[in-house]
Amino acid sequence: IVAGACDDAEVLIVAIGISARAATRAIEMCRARGVRAGLFRPITLWPFPENALREVAAKARAVLVPEMNAGQLSLEVERILGGKRVDAIHRYNGEPIAPAEIAQRAEALAQEKK
């Protein structure tokens, strides 16, 4: 796994593949605007790093899962994290998810919880 800026994250972004690249830029955008966002990027999905995700997500108020499919990763994250707020961006039309879209949703989640 690769985790970045998670120690103080109020919104944790869980992403894989090309969405993780966009999420990295989105975190920079969020941090520049004062939103504490962090990234959890699993390298392998099986076995899923459940304990590592629970540990990193423990301090976050919400989790955002941007993914280029119909929600398979977000369902796994919801299962692992139990009652924690998990929001998702699903895209399966071939167009990548823009960093600005991820940042906007993360900022909305951060504001929603205050």
Side-chain angles (χ1 to χ4, degrees):
I1 55 173
V2 176
C6 293
D7 293 338
D8 67 342
E10 57 188 334
V11 177
L12 179 66
I13 300 173
V14 179
I16 58 172
I18 193 171
S19 299
R21 181 76 168 206
T24 300
R25 177 69 182 118
I27 289 167
E28 293 170 1
M29 296 166 73
C30 286
R31 294 259 172 189
R33 295 181 190 142
V35 175
R36 296 186 321 265
L39 174 66
F40 181 85
R41 182 173 68 95
I43 302 301
T44 59
L45 295 179
W46 185 256
F48 197 89
E50 295 184 20
N51 291 335
L53 177 60
R54 282 188 197 101
E55 182 180 321
V56 171
K59 297 177 188 174
R61 296 181 193 175
V63 177
L64 175 61
V65 184
E67 55 185 318
M68 298 293 295
N69 60 49
Q72 290 87 338
L73 181 59
S74 61
L75 289 173
E76 186 69 3
V77 170
E78 286 176 353
R79 180 190 68 79
I80 293 166
L81 296 181
K84 188 166 293 275
R85 170 73 192 270
V86 177
D87 198 10
I89 301 171
H90 302 145
R91 178 87 39 82
Y92 43 88
N93 63 359
E95 294 293 322
I97 301 169
E101 185 178 354
I102 297 170
Q104 181 181 15
R105 186 76 66 92
E107 290 171 12
L109 284 170
Q111 292 300 320
E112 186 178 287
K113 297 296 180 179
K114 288 183 179 178

- Item | Heavy-atom side-chain proximity of Arg54 to Asn51 below 4.5 angstrom | yes
Determine the minimum heavy-atom distance between [X] and [Y], stating which atoms define it.
X: Glu67; Y: Leu73; value: OE1-N, 2.9 Å
X: His90; Y: Gly71; value: NE2-CA, 3.3 Å
X: Ile97; Y: Ser19; value: CD1-OG, 4.2 Å
X: Ser74; Y: Val86; value: O-CG1, 4.3 Å
X: Leu64; Y: Ile89; value: CD1-CG1, 4.1 Å
X: Ala26; Y: Pro99; value: CB-O, 3.3 Å

[atom1] of [X]: more than 12 outside heavy atoms within 6.0 angstrom?
X: Glu50; atom1: CD; result: yes
X: Arg79; atom1: CZ; result: yes
X: Ile18; atom1: CD1; result: no

- Query: Does any N or O in the side chain of Glu10 come within less than 3.5 Å of the main-chain N or O of Arg61, such that one atom is a donor and the other an acceptor?
  - Reply: no
- Task: Identify whether Leu53 and Leu45 are in the same connected component of the hydrophobic contact network (ILVMFWY, side-chain heavy atoms under 4.5 Å).
- Result: yes
- Task: Scan Val63, Val11, Leu12 and name whichever one has a side chain to side chain contact (heavy atoms under 4.5 Å, CB included) with Leu109.
- Result: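 Going through Val63, Val11, Leu12 one by one, the side chain to side chain contact (heavy atoms under 4.5 Å, CB included) with Leu109 is satisfied by Val11 alone.
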- Message: Testing Val35, Ile102, Ile13 one by one against Cys30 for a side chain to side chain contact (heavy atoms under 4.5 Å, CB included), which residue passes?
- Response: Val35
- Query: Going by an N to O cut-off under 4.0 Å, is there a salt bridge joining Arg105 and Glu101?
  - Reply: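 The answer is no: the pair does not qualify as a salt bridge.
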- Salt-bridge test for Glu28 and Arg25: reply yes if a basic N is under 4.0 Å from a carboxylate O, no otherwise.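 Salt bridge present between Glu28 and Arg25.
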- Message: Once salt bridge (Lys or Arg N to Asp or Glu O under 4.0 Å) is applied, do any residues pair with Arg33, and if so which ones, sequence neighbours excluded?
- Response: Glu107
- Query: Roughly how far, to the nearest 0.5 Å, is CD of Glu55 from CZ of Phe40?
  - Reply: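 Answer rounded to 0.5 Å: 9.5 Å.
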